[in-house]
Amino acid sequence: MLHRLNAAGLGTIADKLDAGQRLSFADGVQLFECSDLWAVGFLANREREKRHAGRTYYNFNIRLEATNVCVASCLFCSFARLRPGDAGSYTMSLEQAWDKLRERAHQPLTEIHVVNGLHPDLPFDYYLEMLRGFKRIRPGIHLKCFTAVEIAFFADLYKMTDEQVLRELQAAGLDSLPGGGAEIFAERVRRKICHDKCGAGRYLAIHKLAHGLGMRTNVTMLYGHIETKEERVDHMIRARELQDDSGGFQAFIPLAFHPDNNQMRKLPAPSATDTLRVHAVSRLMLDNIPHVKAFWIATGVEVAQVSLWFGVDDLDGTVQEERIYHMAGARTPEAMSTTAIRKLIRAAGRDPIERDTLYNIVTGPESPDEAPALLQ
Ligand code: V47
């Protein structure tokens with residue numbers, strides 16, 4: 001392999017990794033330019049195994065998108081509808097949102113992941129009550145809700161500071177923030193694809209505030225549209241810098257762009273090899289973020305499975321009721337049973353571990369695969 005790494009021009013990067021040194025911006029760009037994807041994957045896998053050996057995490061979770069009414073006009077989005085009453089728009093009542101959890105009383109869920117459109121008319125109480133209701137129905141459930149973009153929107157709409165919004169939501173039961181809304185941090189790209197929502201600086205500042213309040217968060221990167229390889233690396237480095245500072249990111253999640261039914265539909269979807277490379281480079285650049293997640297809904301199940309040898313150690317989870325990607329043309333199922341997830345991890349030669357949101361182990365690798373399907 002040494003010969004192959006040298007032939008691929010990756011000898012110096014391999015040496016740096018061996019010495020525990022951090023990769024530079026130029027190293028990141030080189031990893032994107034290297035024609036030998038296998039060599040890049042080999043290095044990413046080495047880093048993955050140093051941290052996690054064969055362990056591969058997943059979560060028994062559920063998605064909720066309580067409204068798709070959204071004042072932002074992101075070019076990549078197929079989910080949003082501008083105004084209440086527009087064709088295809090919906091807003092759940094609190095009872096309808098709570099029903100999503102009540103209906104799953106039989107499932108051993110540990111997390112509910114909530115992402116919404118930026119609705120201009122709902123009161124702040126709607127969100128606070130939603131969280132309180134979830135905790136009343138299921139006190140032990142972890143509430144991973146509202147992207148930094150939603151937090152910024154609430155602060156502007158309800159005339160509060162970002163910190164006040166976070167504190168009030170936390171008091172109502174919020175446990176952590178998902179990573180959505182990061183897209184690509186570079187200003188050039190944001191101006192073109194998501195000019196009217198919170199910028200990169202505020203996204204990162206809100207994550208820092210959340211970390212300061214004791215919350216864990218994730219960070220995503222939407223790739224495969226108009227961004228350059230330099231902008232991908234810049235994005236990773238900005239996430240890495242914040243992590244050095246506040247330390248609360250748990251997972252980095254590259255999100256593959258899906259082109260159906262949105263304003264960027266002329267662009268092709270990213271290839272499987274690009275997806276493998278993005279996850280691998282993420283593992284190599286983000287030396288201080290513990291987990292790299294392949295969101296199987298976005299990557300496709302098969303590519304997610306292969307990515308377990310390209311730096312990935314986390315597959316999100318059962319998901320259930322995902323809408324954002326399915327409205328953008330995702331052909332993946334809308335849910336996967338824990339049995340199916342464990343099987344696909346084992347078939348890849350890795351060890352499945354069910355985790356909760358904070359990566360505490362729920363079910364170890366020793367649990368028999370023959371267990372009956374938990375998801376119905
Ligand atoms: O911010 C929207 C992306 C994100 C499209 O934190 C699209 O554990 C591709 O953030 N094609 C929301 N992507 C989803 C998200 C997420 C997913 C999985 C896990 C976690 C986590 C967070 O979805 C948005 C945007 O970047 N998105 N439309 C599209 N057409």
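In this structure a side-chain-to-backbone donor-acceptor pair under 3.5 Å is missing from Asp356 to Thr110. In terms of modelled atom types and a separation under 3.5 Å, the side chain of Glu322 and the main chain of Pro333 share no donor-acceptor contact. Here the side chain of Ser271 pairs a donor or acceptor atom with the backbone of Asp274 at under 3.5 angstrom. Side chain of Asn262 to backbone of Phe76: a donor-acceptor contact under 3.5 angstrom is found. Side-chain atoms of Asp86 come within 3.5 Å of backbone N or O of Arg83 as a donor-acceptor pair. With hydrogens and angles disregarded, a donor-acceptor distance shorter than 3.5 Å links the side chain of Arg51 to the backbone of Asp287. Side-chain atoms of Asp175 come within 3.5 Å of backbone N or O of Leu143 as a donor-acceptor pair. Lys135 places a side-chain N or O within donor-acceptor distance of the main-chain N or O of Ile141, the cut-off being under 3.5 Å. Judged purely by atom type and a 3.5 angstrom limit, Arg48 uses its side chain to pair as donor or acceptor with the backbone of Arg55. Panel note: side chain Thr67, backbone Val69; a donor-acceptor pair is recorded below 3.5 Å.
A side-chain donor-acceptor contact under 3.5 Å links His211 and Thr217. A donor-acceptor pair shorter than 3.5 Å can be found between the side chains of Asp27 and Ser24. Checking Asp196 against Ser73 by side-chain atom types alone, a donor-acceptor pair falls below 3.5 Å. Using a 3.5 Å distance cut-off with no hydrogens or angles, the side chains of Ser246 and His207 do not pair a donor with an acceptor. No side-chain donor from either of Tyr90 and Arg81 sits under 3.5 Å from a side-chain acceptor of the other. Side-chain contact of Asn59 with Asp316: a donor-acceptor pair under 3.5 Å is absent, judged by distance alone. The closest side-chain donor-acceptor pair between Asn61 and Thr318 falls under 3.5 angstrom.
Under 4.0 Å is where a charged nitrogen must lie from a carboxylate oxygen, and between Asp314 and Arg355 at least one such pair does. The pair Arg190-Glu183 fails the salt-bridge criterion, with no side-chain N (NZ, NE, NH1 or NH2) lying under 4.0 Å from an Asp/Glu carboxylate O. Contact check on Arg63 versus Glu111 returns no salt bridge, with no Lys/Arg side-chain nitrogen under 4.0 Å from an Asp/Glu carboxylate oxygen. The pair Asp36-Arg4 meets the salt-bridge criterion, since a charged nitrogen lies less than 4.0 angstrom from a carboxylate oxygen. A salt bridge links Glu95 with Arg102: at least one charged nitrogen is closer than 4.0 Å to a carboxylate oxygen. At a threshold of 4.0 Å, the pair Arg46-Asp18 counts as salt-bridged, since one of the basic side-chain nitrogens sits closer than that to a carboxylate oxygen.
Residues Val319 and Met336 form no side-chain contact, since every pair of their non-hydrogen atoms from C-beta on lies 4.5 Å or further apart. The shortest distance between side-chain heavy atoms of Arg240 and Ile289 does not fall below 4.5 Å.
Using bins of under 30°, 30° to 60° and over 60° for the plane-to-plane angle, the ring pair His225/Phe257 lands in the perpendicular bin. Ring planes of Phe252 and His235: perpendicular class, angle over 60° (limits at 30 and 60°). Classified by interplanar angle (parallel below 30°, tilted 30° to 60°, perpendicular above 60°), the ring pair Tyr158/Tyr127 is tilted.
Both cation-pi conditions hold for Arg350 and Trp309: the charged atom is under 6.0 angstrom from the six-membered ring centre and inside a 45 degree cone around its axis. Judged by the 6.0 Å and 45° rule, Arg136 forms a cation-pi pair with Trp98.
One hydrophobic cluster, built from ILVMFWY side chains closer than 4.5 Å, cannot hold both Val292 and Tyr57; they sit in different ones. Both Tyr203 and Phe153 belong to a common hydrophobic cluster when Ile, Leu, Val, Met, Phe, Trp and Tyr are linked at side-chain heavy-atom distances under 4.5 angstrom. Grouping the Ile, Leu, Val, Met, Phe, Trp and Tyr side chains by contacts below 4.5 angstrom, directly or via other members, places Val312 apart from Tyr359.
Rounded to the nearest 0.5 Å, atoms CG (Asp244) and CG (Asn288) are 5.0 Å apart. Note: Ser307 OG to Arg277 CZ = 15.0 Å, rounded to the nearest 0.5 Å. With rounding to the nearest 0.5 angstrom, the CG atom of Leu64 is 10.5 Å from the CD atom of Gln96. Taken to the nearest 0.5 Å, the OG1 atom of Thr147 stands 7.0 Å off from the CG atom of Leu118. Rounding to the nearest 0.5 angstrom, the gap separating the CD1 atom in Ile137 from the NZ atom in Lys100 is 13.0 Å. The CZ atom of Arg104 sits 9.0 Å away from atom CD1 of Ile112, with the distance rounded to the nearest 0.5 Å.
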Inset, instruction - Might you work through the salt bridge (Lys or Arg N to Asp or Glu O under 4.0 Å) test for Arg132 and Glu129, ending with a clear yes or no? - result: CA-CA 5 Å; Arg132 291 187 194 113; Glu129 253 320 292; 3.0 Å; yes

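Other residues, nucleotides and ligands contribute at most 12 non-hydrogen atoms within 6.0 Å of the NZ atom of Lys159.
Residues Phe79 and Tyr325 keep their aromatic ring centres 6.0 Å or farther apart.
Of the candidates Arg167, Lys208, Arg202, Arg202 is the only one forming a salt bridge (charged side-chain N to carboxylate O under 4.0 Å, His left out) with Asp162.
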